[in-house]
Colleague: 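Quick one: this structure, given as structure tokens, is what I'll be asking you about.
Sequence lines set the chain letters: A, B, ... in the order given, protein chains first and strands last, and positions in each chain run from 1.
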2 protein chains.
Amino acid sequence: MRISTRGEYGVRAMFDLALHHGQGPISLKTIAERQIVSEHYLEQLMASLRKAGLVTSKRGAQGGYELAYPPAEIRIGDIIRVLEGPITPLDCLDVSTGTGPYCGHPEQCVLRGLWKSLQDSMEQVLDNTTLEDLRQDALRLKVAEDI
Amino acid sequence: MRISTRGEYGVRAMFDLALHHGQGPISLKTIAERQIVSEHYLEQLMASLRKAGLVTSKRGAQGGYELAYPPAEIRIGDIIRVLEGPITPLDCLDVSTGTGPYCGHPEQCVLRGLWKSLQDSMEQVLDNTTLEDLRQDALRLKVAEDI
DNA sequence: TCAATTCCGAGTAAGTTCGTAGGAATTGAC
DNA sequence: GTCAATTCCTACGAACTTACTCGGAATTGA
């Protein structure tokens, strides 16, 4: 029931970009130093986020990454889905794979309801929180300038 | 964000035991056949559940496993915790490990709130569903006798 | 021109998952 | 007392995932 470092670091990087949104491209090196993660590893995560259209990049000197949309329009669930895959406790619930909704035996429908409830509650949290929400939290903690 | 087969099969096995609660010990072989999982693999899961006190076992001919408590007193969260470990999206949230609550940098407290909300919502679902709830669902589906 | 930076593909060590294998110990039924 | 059924225990292992590292090509602003 854990998210991996892909999701964790990815959300941290996107949160960092949200805090500095509007200040031009931020380099990987800067993000990696501020969030204390491996630069090369983060590079791979940013590549995924870029291909998914959540960030834009600029190469060369003074290049870096920026959010592709305002922080209020990027949900944490969007980030997690890109980096961790569908938000679901069980593969058979994932409509995108076509393996569900029936897993072969009718009695499993009872358990399916359970797992579906779990999935719904996870998505509810992750899709109702945006980067802007996190930014507001940070401002409220009055530590934004230190980050 | 997935549970592994340990949790999935374990819940299925416990659900099976709940449906047949009060009928004496149920053998691994029977559960494995009904739930279509590997008998040897399930054996390992049942060993964990036994050590955790959720089931009792009886060796020898006509032996098998039984729920240690009535279905209404066993929460799905209890089963998942035994088989998958603490229910938490991030290790640093797990109070039992002592690594939390501070992960070294204050700005992470903002993200901590997010992950904590996620954890709470997952535990809310898993700890508010008991085996009796699932049994009632099954009875309502009128398929209990087929299982 | 050059330093900074993204982009890209490959490799890899350690850990986790999902089992399998084999046999010892226990028990009820006959 | 024997035997079949069953739990109990330890060990092994193959495949997959995770969390990176490495090296270098391409791009860009100063």
Colleague: Out of D:dT7, D:dG29, C:dT20, which nucleotide sits closest to the side chain of A:Q62?
Modeller: D:dG29
Colleague: Paired with D:dG29: which nucleotide, if any, by Watson-Crick or G-U wobble criteria at under 3.5 Å for both distances?
Modeller: C:dC2
Colleague: Out of C:dC18, C:dT20, D:dT7, which has the shortest distance to the side chain of B:T5?
Modeller: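 Output: C:dC18.
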Colleague: If I take atom CD1 in residue A:I36 and atom P in nucleotide D:dC20, what distance separates them, rounded to the nearest angstrom?
Modeller: 13 Å
Colleague: Once you round it to whole Å, what is the distance between P of D:dT17 and CD1 of B:I3?
Modeller: 17 Å
Colleague: Any side-chain N or O of B:K29 below 4.0 angstrom from OP1/OP2 of D:dT7?
Modeller: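 For D:dT7, OP1/OP2 do not have a side-chain N/O of B:K29 under 4.0 Å.
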Colleague: May I ask you to evaluate whether A:Y9 reaches the phosphate of D:dC20, defined as a side-chain N or O under 4.0 Å from OP1 or OP2?
Modeller: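 Indeed, a polar side-chain atom of A:Y9 lies that close.
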Colleague: So that I can tick it off, tell me whether B:R81 and B:D127 are bridged by a salt bridge, with the cut-off set at under 4.0 angstrom between side-chain N and carboxylate O.
Modeller: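 Yes, charged N to carboxylate O under 4.0 Å.
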Colleague: Between C:dA24, C:dC7, D:dG29, which nucleotide has the shortest distance from any of its atoms to the side chain of A:E43?
Modeller: C:dC7
Colleague: Please figure out whether A:E84 or A:G60 has its closest DNA chain D nucleotide nearer the 5' end.
Modeller: A:E84
Colleague: Return whichever of B:S38 or A:G64 has its heavy-atom-nearest nucleotide of DNA chain C closer to the 5' end.
Modeller: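 This one resolves to A:G64.
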Colleague: Nearest of D:dC8, D:dT28, D:dT21 to any side-chain atom of A:A61?
Modeller: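 Selected nucleotide (nearest to the side chain): D:dT28.
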Colleague: Nearest whole angstrom, please: distance from the P of D:dC8 to the CG of B:L49.
Modeller: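 To the nearest whole Å, that distance equals 12 Å.
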Colleague: Any idea which of D:dA19, C:dT6, C:dT17 is nearest the A:Y65 side chain?
Modeller: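 From the listed options, C:dT6 comes nearest.
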Colleague: Between A:E8 and A:R2, does any side-chain N to carboxylate O distance fall below 4.0 Å?
Modeller: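 Judged by the 4.0 Å cut-off on N to carboxylate O distance, A:E8 and A:R2 do not form a salt bridge.
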Colleague: How many whole angstroms separate atom CD of A:E8 from atom P of D:dT18?
Modeller: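 So the two atoms are 14 Å apart, to the nearest Å.
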Colleague: If you compare all heavy atoms of B:A18 against all heavy atoms of B:L131, which two are closest, and at what distance to 0.1 Å?
Modeller: CB-CB, 3.9 Å
Colleague: With the side chain of B:Q44 defined as its heavy atoms from C-beta on, choose the nearest nucleotide among D:dA11, C:dT6, C:dT27.
Modeller: D:dA11
Colleague: Please check the phosphate of C:dC7 (OP1 and OP2 only) for any side-chain N or O of A:R50 closer than 4.0 Å.
Modeller: yes
Colleague: Any idea which of C:dT6, D:dT7, D:dC20 is nearest the A:S57 side chain?
Modeller: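 Looking only at heavy atoms from C-beta outward on A:S57, the closest nucleotide is C:dT6.
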Colleague: Who does C:dA10 pair with, Watson-Crick or G-U, both distances under 3.5 Å?
Modeller: D:dT21
Colleague: Specify the separation, in whole Å, of atom CG of B:D91 and atom C1' of D:dA19.
Modeller: 14 Å
Colleague: Please state whether the phosphate of D:dA19, meaning OP1 or OP2, lies under 4.0 angstrom from any side-chain nitrogen or oxygen of A:S4.
Modeller: yes
Colleague: Among B:L17, B:L54, B:T56, B:L67, which residue meets the side-chain contact (heavy atoms from CB on, under 4.5 Å) test with B:L49?
Modeller: B:L54
Colleague: How long is the line joining CG of A:L45 and P of D:dT21, in whole Å?
Modeller: 12 Å
Colleague: Consider the side chain of A:R59, meaning its heavy atoms from C-beta on, and name the nucleotide among C:dG28, C:dC7, C:dC18 that approaches it most closely.
Modeller: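 For the A:R59 side chain, the nearest candidate turns out to be C:dC7.
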Colleague: Taking side-chain contact (heavy atoms from CB on, under 4.5 Å) as the criterion, tell me which of A:L139, A:L19, A:I76 meets it with A:L134.
Modeller: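 That would be A:I76.
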Colleague: How many whole angstroms separate atom NE2 of B:H40 from atom C1' of D:dT6?
Modeller: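 So the NE2-C1' distance, B:H40 to D:dT6, works out to 12 Å.
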Colleague: Any salt bridge linking A:D16 with A:R12? Criterion: basic side-chain nitrogen under 4.0 Å from a carboxylate oxygen.
Modeller: no
Colleague: Rounded to whole angstrom units, what separation is found between the OH atom of B:Y41 and the C1' atom of D:dC12?
Modeller: 15 Å
